[in-house]
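Everything on this sheet refers to the single structure shown next.
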Amino acid sequence: MTASFVCRTASALPPERLFDLARSVDAHVESQRGSGERAVAGVTSGLIGAGQEVTWRARHFGIPLTMTSRVTAFDFPRSFTDEQVKGPFRSFRHIHEFEPTRGGCIMTDRVEFTAPFGPLGRVVERLVLRPYLQRLITDRGDFLAGPAREHDGGRQAL
């Protein structure tokens with residue numbers, strides 16, 4: 001079974017600018033300082049693009065983790081998708097969408113993931129991983145949107 005959630009963040013930034021911030025390895029590292037996340041292989045700074053990979057190292061729940069993601073879809077400045085190619089999840093997919101508004105844009109993050117470890121993993125998925133990841137993605141969206149942002153509380157599940 002796959003867990004999923006959607007987060008929406010309103011920003012005064014134009015879609016092109018927020019799109020580039022969302023694919024910036026440097027902005028991601030800065031937004032995830034709390035977990036010590038860093039890029040260690042592939043694209044390790046600047047903007048990641050179609051077909052490119054980045055390997056992240058971080059500490060979550062006190063456990064050091066490594067995950068390699070690849071950008072599998074890219075439509076500037078509307079959307080891009082990154083998916084785990086190696087890492088702790090059975091599967092992990094993050095779709096980033098950008099919709100222009102009169103005052104900037106709405107960034108929608110759609111995350112789908114499957115934890116390892118069968119039935120035990122499904123329990124951990126629902127009770128621990130999903131709320132934890134939702135908070136990380138919401139905080140990251142708020143960070144990227146900048147000070148002129150409004151967050152609509154889009155923490156609803158799909």
Side-chain angles (χ1 to χ4, degrees), residues 1-9 15-99 105-145 154-158:
M1 183 150 173
T2 298
S4 62
F5 60 88
V6 175
C7 294
R8 289 185 177 85
T9 307
E16 298 82 5
R17 177 73 180 119
L18 195 52
F19 185 98
D20 280 348
L21 279 171
R23 67 188 183 110
S24 166
V25 172
D26 305 302
H28 182 84
V29 167
E30 197 173 332
S31 77
Q32 299 299 310
R33 280 193 195 279
S35 65
E37 194 155 335
R38 63 194 195 285
V40 297
V43 178
T44 58
S45 66
L47 302 178
I48 193 165
Q52 294 181 316
E53 294 184 0
V54 59
T55 299
W56 302 102
R57 280 214 185 110
R59 185 173 291 273
H60 295 281
F61 306 109
I63 302 166
L65 299 169
T66 302
M67 180 169 136
T68 301
S69 295
R70 177 182 301 132
V71 175
T72 58
F74 192 88
D75 181 17
F76 181 84
R78 291 173 196 85
S79 68
F80 71 94
T81 301
D82 59 87
E83 298 184 59
Q84 173 189 284
V85 293
K86 183 177 181 185
F89 295 94
R90 185 184 247 169
S91 68
F92 188 94
R93 173 193 243 182
H94 184 176
I95 302 166
H96 312 253
E97 299 171 321
F98 305 85
E99 180 183 340
C105 73
I106 301 287
M107 177 173 64
T108 301
D109 291 284
R110 299 179 191 281
V111 177
E112 303 167 352
F113 66 96
T114 304
F117 310 121
L120 176 61
R122 284 192 286 281
V123 171
V124 171
E125 222 171 60
R126 278 182 241 140
L127 298 179
V128 178
L129 287 176
R130 184 172 167 211
Y132 182 78
L133 290 171
Q134 235 176 311
R135 188 175 72 252
L136 282 179
I137 297 296
T138 297
D139 290 349
R140 179 180 169 276
D142 287 344
F143 177 88
L144 295 177
R155 294 180 177 207
Q156 72 264 21
L158 283 178

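Position 1 is the first residue of the sequence, and the numbers go up from there. What you see is a predicted model; the values in this text were computed from it and never measured. The figures here come from the full heavy-atom set of this structure, side chains too, leaving out hydrogens, waters and symmetry mates.
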Subject >> Side-chain donor or acceptor of Glu125 paired with backbone N/O of Ala115 under 3.5 Å >> reply: yes
Subject >> Residue among Leu133, Thr138, Asp109 satisfying side-chain contact (heavy atoms from CB on, under 4.5 Å) with Phe5 >> reply: Leu133
**OP:** Determine the minimum heavy-atom distance between His96 and His94, stating which atoms define it.
**Re:** CE1-CE1, 3.1 Å
Subject >> OH (Tyr132) with more than 12 external heavy atoms under 6.0 Å >> reply: yes
**OP:** State, without any angle test, whether Thr81 and Thr72 hold a side-chain donor-acceptor pair at a distance under 3.5 Å.
**Re:** no
**OP:** For the pair Arg93 (side chain) and Glu83 (backbone), establish whether a donor and an acceptor sit closer than 3.5 Å, ignoring hydrogens and angles.
**Re:** no
Original post:
What are the two closest heavy atoms between Ser35 and His60, and how far apart are they?
Top reply: CB-CE1, 3.4 Å
**OP:** Decide yes or no for Arg23 and Asp20: does some side-chain heavy atom of the first lie under 4.5 Å from some side-chain heavy atom of the second?
**Re:** yes
Original post:
Taking side chain as C-beta onward, heavy atoms only, is Arg8 less than 4.5 Å from Arg110?
Top reply: yes
Original post:
CZ of Arg122 to CG of Leu129: how many Å apart, nearest 0.5 Å?
Top reply: 13.5 Å
**OP:** Search all heavy atoms of Ala22 against all heavy atoms of Arg140 and return the closest pair with its distance.
**Re:** O-NH2, 2.7 Å
Original post:
Taking the inter-plane angle between the rings of Phe113 and Phe89 on a 0 to 90° scale, is it parallel (under 30°), tilted (30 to 60°) or perpendicular (over 60°)?
Top reply: perpendicular
Original post:
Which atom pair, heavy atoms only, marks the closest approach of Gly49 to Val71?
Top reply: O-CB, 3.3 Å
Original post:
Of the non-hydrogen atoms in Leu21 and Leu144, which two are nearest, and what is the gap between them?
Top reply: CD1-O, 3.5 Å
**OP:** Find out whether Thr108 and Glu99 are in side-chain contact, i.e. whether some heavy atom of one side chain is under 4.5 Å from a heavy atom of the other.
**Re:** no
**OP:** Scan residues 16-47 for pairs that pass ring pair (Phe, Tyr, Trp, His ring centres under 6.0 Å), counting only residues two or more places apart or in two chains.
**Re:** Phe19-Phe74, Phe19-Phe76, Phe19-Phe80, Phe19-Phe98, His28-Trp56
Original post:
Is there side-chain contact between Cys7 and Gln134, with heavy atoms separated by less than 4.5 Å?
Top reply: yes
Subject >> Value rounded to 0.5 Å, distance of NZ in Lys86 from OG1 in Thr66 >> reply: 8.5 Å
Original post:
Where is the tightest heavy-atom contact between Thr55 and Thr68, given as atom of each residue plus distance?
Top reply: OG1-OG1, 2.7 Å
**OP:** Hey, could you give me each pair passing salt bridge (charged side-chain N to carboxylate O under 4.0 Å, His left out) that has a residue in residues 33-59? Not counting sequence neighbours.
**Re:** Glu53-Arg70
